Amino acid sequence: MSTYTQELRATAKALVAKGKGILAIDESNGTCNKRFAQLSIPTTEENRRAYRELLLTTPKLSTYISGPILFDETIRQTTRNGKSFVQVITEADMIPGIKVDTGAKDLAARPGEKVTEGLDGLRDRIAEYYGMGARFAKWRGVITIGNGIPSQACIDVNAQALARYAALCQEGGLVPIVEPEVLIDGDHTLEQCYQVTDRTLHTVFGQLHDQGIAFDQMILKPSMVVAGKDCPQQPSVDEVAEATINCLRKNVPASVAGVAFLSGGQSAERSATHLNVMNARYAEICPWPVTFSYARAIQQPALEHWRGESQRVTEAQQRLLHRAKCNSAARLGEYSSEVERELALV
Ligand code: 13P
């Protein structure tokens with residue numbers, strides 16, 4: 001048992017506690033600026049700070065959110081009044097997390113494919129983040145479906161990096177969130193997505209096993225098994241839920257502490273509906289809690305309402321809390337159109 005075993009187990013369990021999920025607000029500056037620019041919000045450091053303050057200071061957020069994932073810039077920032085965001089999070093009874101990869105870059109000799117970087121110096125960065133109060137981390141590998149891709153080489157290098165990252169995290173006291181995202185971009189079918197997700201999860205768990213990862217001290221953040229967004233034949237909610245659960249049950253060891261999905265470009269309501277059906281229909285046959293770790297599917301309505309204007313903060317926070325509540329209900333299999341409509345009553 002390592003120094004951190006008990007702490008890692010407790011953190012992992014708390015992150016996927018009943019009725020709770022994870023809030024991803026770890027967009028890199030580039031991604032955050034892109035989302036701001038789409039809404040004509042000036043792409044300044046101060047606006048990124050103000051937006052993260054809005055999100056993190058939302059009253060009652062911890063009723064539904066176990067922990068937010070931050071970006072490096074954000075973990076070093078403070079509220080307008082000078083309180084560090086890490087302190088804001090811990091005082092609200094949530095757990096601070098940190099994205100530690102440095103982004104998906106073009107994979108040499110494999111056109112159209114990516115490999116995620118960030119292993120160099122990672123042991124030292126983990127020690128720094130732990131010292132700042134972070135207790136879990138995230139690394140995202142990206143798998144693209146297209147003509148002749150993904151190659152096994154792309155899946156292998158991403159799986160190997162995910163496992164190296166996870167081992168360093170557990171050594172340094174951070175619960176690793178292992179995120180192999182099969183992208184929704186393209187016109188592939190549900191069946192093709194199933195095959196690629198199956199191959200990816202199989203390879204990732206092979207690497208995690210070979211590199212000595214303690215499964216009860218990690219969380220898997222997968223994409224759902226869906227058809228590509230340009231596929232003319234879109235599956236039903238039930239088909240997505242069934243394919244996703246089948247694929248996970250086939251590949252994810254029972255001792256994994258939890259499964260927390262990304263939303264991956266699905267709409268806010270669709271992400272909640274899929275999660276809800278998975279929990280309502282399949283919770284009894286899943287050995288791990290199944291919850292959310294969404295970014296866009298929780299944040300987008302709040303961001304669209306805020307638009308960089310300070311007088312809209314309170315209403316934007318209500319929208320964030322509403323989406324957090326909807327997904328919390330979905331994590332329990334209790335989401336419905338009534339829960340969805342509640343915001344109108346606020
Ligand atoms: P989305 O839910 O917007 O896909 O983001 C989740 C995430 O953290 C991607 O790395």
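It should be emphasised that the depicted structure is a prediction, and the values quoted were computed from it without experimental measurement. One is the number of the first residue; the rest follow in order along the sequence. When a ligand or atom number is given, it counts from 1 through the structure's own listing order.
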- ILVMFWY cluster, Y294 and L56 together (side-chain gap under 4.5 Å): yes
- Looking at ligand 1, does A297 have a heavy atom less than 4.0 Å from it? no
- Message: Using a 4.0 Å cut-off to any heavy atom of A24, which atoms of ligand 1 qualify?
- Response: 8 (O)
- Query: Would M278 and I184 show up in the same hydrophobic cluster when neighbours are defined by side-chain heavy atoms closer than 4.5 Å?
  - Reply: yes
- Query: Against heavy atoms of G264, which atoms of ligand 1 measure under 4.0 Å?
  - Reply: 1 (P), 2 (O), 4 (O)
- Message: So for ligand 1, is R296 a polar contact partner (N or O within less than 3.5 Å, distance only)?
- Response: yes
- Lys/Arg N to Asp/Glu carboxylate O, E340 vs R323, below 4.0 Å: yes
- Query: So is K138 in contact with ligand 1, going by heavy-atom distances below 4.0 Å?
  - Reply: yes
- Is K221 in contact with ligand 1, taking contact as a heavy-atom separation below 4.0 Å? yes
- Enumerated ligand 1 atoms positioned under 4.0 Å from heavy atoms of R140: 9 (C), 10 (O)
- Message: We want to know whether Q317 and T57 form a side-chain donor-acceptor pair, criterion being a heavy-atom distance below 3.5 angstrom.
- Response: yes
- SB check K99 E179 (cutoff 4.0 Å): no
- Item | Residue pair S62 / D93: nearest heavy atoms and the distance that separates them | CB-O, 4.3 Å
- Counting from 1 in the order shown, the ligand 1 atoms closer than 4.0 Å to a non-hydrogen atom of Y294 are 2 (O)
- Which ligand 1 atoms are under 4.0 Å away from a heavy-atom of E179? 7 (C), 9 (C), 10 (O)
- Item | A295 N/O under 3.5 Å from ligand 1 N/O | yes
- Closest non-hydrogen atoms of P222 and A260, given as atom of the first, atom of the second and distance, are CD-O, 3.7 Å
- Message: Taking the basic N atoms (NZ, or NE/NH1/NH2) and the acidic carboxylate oxygens, is any pair closer than 4.0 Å for R49 and E46?
- Response: yes
- Any idea which atoms of ligand 1 are less than 4.0 Å away from a heavy-atom of S263? 1 (P), 2 (O), 3 (O), 4 (O)
